[in-house]
Amino acid sequence: MSVSEIFESMEYGPAPESAADALAWIVDQGGRFGHFIDGAFTAPGAGFDSTNPATGEVLASLTQATQGDVDSAVKAARKAQPKWEKLGGHGRARHIYALARLLQKHARLFAVLEVLDNGKPIREARDIDVPLAQRHFYYHAGMAQLMESELPDAQALGVCGQIIPWNFPLLMLAWKIAPALAMGNTVVLKPAEYTSLTALLFADICRQAGLPKGVVNIVTGDGAVGEMIVTHEDIDKIAFTGSTAVGRRIREATAGSGKALTLELGGKSPYIVFDDADLDSAIEGLVDAIWFNQGQVCCAGSRLLVHEPVADRFYAKLRTRMEKLRIGDPLDKSVDVGALVDPVQYKRVSEMVEANTAGERFVTPGAMPENGCFYPPTLITGLNPADTLMQEEIFGPVLVSTTFRTPSEAVQLANNTRYGLAATVWTENVNLALDIAPQLETGIVWVNGTNMMDAAAGFGGKRESGFGREGGWEGLAGYTKPKVSGKPLKEIEPFTGEGAPEDGIDRTAKLYIGGKQARPDGGYSAPVWGKSGGLLGHVSLASRKDVRNAVEAAHAAKGWSKTTGHLRAQILYYIAENLSARGDEFAARLDAMQGTKTGRKEVDAAIDRLFTYAAWADKYDGQVHGVPIRGVALAMKEPVGVIGALCPAEAPLLGLVACMAPAIAMGNRVILSASEPFPLAATDFVQVLETSDVPAGVVNILTGPQADLAEPMARHMDIDAVWCFGAAELSGVVEKGAASNIKRTWVNHGMARDWFGAEGAGREFLQAATEVKNIWVPYGE
Ligand code: NAI
């Protein structure tokens, strides 16, 4: 096309970026890559080709890691870890800063290599992937520097296994490696099999930066290598980003192993356009929401919900905009849409779209490149909420859509998904936007913008989009553990005895469900004996059905999550006051059950604990993150929802209160499984709750064997998180069952906790009782 012809048509001319330097780097490395283990590249072995999806050309040959390779990488990481941690925050900050500087220096090489390997447009790699990756290293150099002063109770986890996907190969590496290193961990990372080259270039950078050997190890290969990492015995934490199906398998595979886990999984994020929105901006937003990276984005705004009065106008504008999208050579700086990552993904997207017969399809017209994995931008309107394409992640440049009539219908449609990663709200009415934002069941909400990310704002979701956050202060929790005593839990056997109660009256304590004392569904009860063999009473044995009833009651009490912190504080103080009034009675009961003389101390500690969380109820504030985009991210602390807790056997009253109080202070509803050997403190506590204005269903208490309750709680689709401070083997049961709806878990892995001391209270509990939602709003000029 000549310049005069370009002026004639006002079409963009080609503006190709040169691939020469990136290809030369591959050639320099011999075109065949081994792994990066203990500071050096291993000799290339048998493996597979990495291809350019835009052309089908082979770029390089990669090695499929063997178990031996993974073992060597883990060994190197293990050996390097103590020294890396002891280097201290400042020492680590200097190294991480050096990595950031080198990433910046080689930004162009990284961007072009990413494009060749992944097929994404150079504009995106150059302006988003690579600068954001640098930003993560800079930001976390700062976190390393501040760790000792700001997180004095945190320590490194050890060796982290990190498995990343192919949609943002370098950026996902940065999200994983930067915080891990900052907090004193070492890593073994596996890039996705389609896109390993920038990870290997990063390994080269680690070498150039003089990063100590073994701190970063990179092994290549497919899902089988991922599994070797997941099941490796000497790894302390698994961080995974990828599909929900694989995330679920990893949850099951790591259950009970003691490994920490964070999962960043799929999404089907709603993009909500109200009738008062600036429609042209909303259209541009959509281009970034669903055609950014060919729609291969976990938080892509892939489900368009349009307010009915403007729907026709909006669709017309959208089709016009789609006609202008430029699809083609990803190295061309004026191309909007590049190639899908691999023929496998192309086939997956095509098959999903072809299988759909509902709605109306519009496809960007015009010629498509003949070779390569190019899929045209597609819009499907008029779908029903239950249609497969409205529910399943397509992970391609395909936007599906329906309309809504009222804001509450918009919220209902938005939340009608098993995912909960992100949502976009487009309106000129700030009241409406901020009214809708808290109602969306997602980890991120963007107002009048979309797909915005930054190292300072935590990224991550809820429901089947996974758990844990990456970035921000909250992201550090995924790479640290509290400094605790670390003593193994002692199993407590209940006392045995025989005979009748001293006063001759046979009392059976009931369950407490929905504000009422309820008989157990199974109708069974069991005696509780004191140390000297006397009968103290009977408790009801709860079963699966009672868990279900309690969940129903807890859901009915959802209004609790909307109450103010002030109100919740008042109720916690009131519970404390009523417990205090009956303190002697509780102390005597605790001593009788446990055969100790510590009852009074325990009652006092429980009252103190209630005061602690009454105090926190209106003070565990969110944050406002300054982000380098026009706006701020409001990091709001929200309740998790319904929490099931297996309370500790020891400290039967204090342990129950220590679980209940932070959970309800933060606005959750709880189902508590009481101490198994000493349940009567919990059943007596029901009377305290009944006189303390706790709304029905906010606190539910079950008694009986925790082994019978752990699994139903963990598997229940309407419980959002399960905590386990019970017997060692229950941790695995809970983690495995939690794979059902990928719920959050917090388990003891058989380690004891000093319920009377600092370990039994505080921020760790508050963190477990809250989700952080980052709401990005325009702010400033
Ligand atoms: P995937 O989840 O299989 O791959 C992600 C990573 O996990 C890769 O490094 C892969 O090698 C590894 N992996 C695969 N199986 C594993 C296992 N059993 N244990 C440990 N690691 C394992 O994703 P895939 O198959 O490439 O894409 C399938 C679909 O997943 C996509 O169409 C999309 O819907 C979704 N996806 C979502 C992503 C996100 O960021 N949320 C990223 C990639 C895919």
Q. For the residue pair G226 and I163, what are the closest heavy atoms and their distance?
A. O-CD1, 3.6 Å
Q: Taking Q145 for its side chain and G89 for its backbone only, find out whether a donor-acceptor pair lies under 3.5 Å.
A: no
Q) Which heavy atom of G214 sits nearest a heavy atom of T186, and at what distance? A) O-CB, 3.9 Å
Q. Does T63 reach the main-chain N or O of F33 with its side chain, forming a donor-acceptor pair under 3.5 Å?
A. yes
Q: Grab the two heavy atoms, one from G247 and one from L265, that are nearest each other, plus how far apart they are.
A: CA-CD2, 3.8 Å
Q) So, K213 and D38, do they make that salt bridge, N to O below 4.0 Å? A) no
Q) Is there a side-chain contact between K120 and F292 (heavy atoms, below 4.5 Å)? A) no
(Q) I'd like to know if the side chain of T51 and the backbone of V58 have a donor-acceptor N/O pair within less than 3.5 Å. (A) no
Q) Is it true that D236 and K259 have a side-chain N and a carboxylate O under 4.0 angstrom from each other? A) no
**Q.** Residue pair N185, V159: steps toward the side-chain contact (heavy atoms from CB on, under 4.5 Å) verdict
**A.** CA-CA 6 Å; N185 304 280; V159 175; over 6 Å; no
Q. Mind checking whether F395 and W166 have ring centres under 6.0 Å apart?
A. yes
Q.
Checking the side chain of W291 only, and the main-chain atoms of P397 only, is there a donor and an acceptor separated by less than 3.5 Å?
A. yes
Q | Sidechain-backbone polar pair: K483 side chain, Q155 backbone, donor-acceptor under 3.5 Å | A | no
Would you be so kind as to tabulate the donor-acceptor pairs closer than 3.5 Å made by side chains of residues 459-475, with sequence neighbours excluded?
| from | atom 1 | to | atom 2 | distance (Å) |
| --- | --- | --- | --- | --- |
| K462 | NZ | E441 | OE1 | 3.4 |
| R463 | NH1 | N415 | O | 3.0 |
| R463 | NH1 | T417 | O | 2.6 |
| R463 | NH1 | Y419 | O | 3.4 |
| E464 | OE1 | R248 | NH2 | 2.7 |
| E464 | OE1 | R418 | NH1 | 3.0 |
| S465 | OG | G266 | O | 2.7 |
| S465 | OG | G420 | N | 2.9 |
| S465 | OG | L421 | N | 3.3 |
| R469 | NE | V772 | O | 3.2 |
| R469 | NH1 | G461 | O | 2.9 |
| R469 | NH2 | E771 | OE1 | 3.2 |
| R469 | NH2 | V772 | O | 3.1 |
| E470 | OE1 | K176 | NZ | 3.3 |
| E470 | OE2 | K176 | NZ | 2.7 |
| E474 | OE2 | G458 | N | 3.4 |
| E474 | OE2 | N774 | ND2 | 3.3 |

Q | Distance, nearest 0.5 Å, that separates CG of D153 from OG1 of T480 | A | 10.5 Å
Q: Please check if the side chain of Q81 supplies one atom and the backbone of G184 the other of a donor-acceptor pair under 3.5 Å.
A: yes
Q: Compare every heavy atom of P179 with every heavy atom of A174, then report the nearest pair and how far apart it is.
A: O-CD, 3.7 Å
Q) Between the main-chain N or O of R753 and the side-chain N or O of E759, is there a donor-acceptor pair closer than 3.5 Å? A) no
Q.
So that I know where these two stand, are Y479 and W175 an aromatic pair - ring centroids less than 6.0 Å apart?
A. no
Q) Under the side-chain contact (heavy atoms from CB on, under 4.5 Å) criterion, do L181 and R92 qualify, and how do the steps go? A) CA-CA 7 Å; L181 263 45; R92 293 197 302 275; 6.0 Å; no
Q: Report the residue from L201, I205, V130, L103 that forms a side-chain contact (heavy atoms from CB on, under 4.5 Å) with L109.
A: L201
Q: Nearest 0.5 Å please: distance from the CD1 atom of I238 over to the OG atom of S257.
A: 8.0 Å
Q: Could I get the full list of ring-ring contact (aromatic ring centres under 6.0 Å, His included) partners for Y138, not counting sequence neighbours?
A: Y97
Q | Geometric class of the F725/W723 ring pair [parallel <30°, tilted 30-60°, perpendicular >60°] | A | perpendicular
Q) Looking only at atom types and distance, does a side-chain atom of T745 sit under 3.5 Å from a main-chain N or O of V747, one as donor and one as acceptor? A) no
Q) Do D342 and R348 sit within salt-bridge range, that is, some charged N less than 4.0 Å from a carboxylate O? A) no
Q) Are Y194 and F48 near enough that their ring centres are under 6.0 Å apart? A) no
Q: Drop me the distance from R78's CZ to H232's NE2, to the nearest 0.5 angstrom.
A: 9.5 Å
Q | Rounded distance (nearest 0.5 Å) linking atom CZ of R32 with atom CG of D49 | A | 10.0 Å
Q. Going through the distances and angles, do R251 and E735 end up as a salt bridge (Lys or Arg N to Asp or Glu O under 4.0 Å)?
A. CA-CA 7 Å; R251 170 68 293 180; E735 289 186 330; 3.5 Å; yes
**Q.** Shortest non-hydrogen contact between Q64 and A224, atoms and distance
**A.** NE2-CB, 4.2 Å
Q) Is the backbone of T66 close enough, under 3.5 Å, to the side chain of D69 for a donor and an acceptor to pair up by distance? A) yes
Q: May I ask you to test the M172-P165 pair for a side-chain heavy-atom distance under 4.5 Å?
A: yes
**Q.** From OG (S731) to CG (L489), nearest 0.5 Å
**A.** 9.0 Å
Q) Got Q208 and H106 here, is their nearest side-chain heavy-atom distance under 4.5 Å? A) yes
Q | Whether H140 side chain and I96 backbone form a donor-acceptor pair below 3.5 Å | A | no
Q: For the pair R126 and E17, find out whether any cationic side-chain nitrogen is under 4.0 Å from an anionic carboxylate oxygen.
A: no
**Q.** Flag side-chain contact, heavy atom, 4.5 Å: V335 against R123
**A.** no
Q. How close do V349 and G396 get, heavy atom to heavy atom, and via which atoms?
A. CG2-CA, 4.0 Å
**Q.** F240 vs Q162, side-chain contact (heavy atoms from CB on, under 4.5 Å): CA-CA, chis, key distance, verdict
**A.** CA-CA 6 Å; F240 173 78; Q162 307 184 314; over 6 Å; no
Q: Apply side-chain contact (heavy atoms from CB on, under 4.5 Å) to the pair D117 and T198, showing each step before the final yes or no.
A: CA-CA 8 Å; D117 206 12; T198 47; 5.6 Å; no
(Q) Within this structure, what is the CD-CG distance for the pair Q296 and N167, rounded to the nearest 0.5 Å? (A) 7.0 Å
Q.
Can you confirm whether K75 is buried at NZ, in the sense that more than 12 heavy atoms of other residues, nucleotides or ligands lie under 6.0 Å from that atom?
A. no
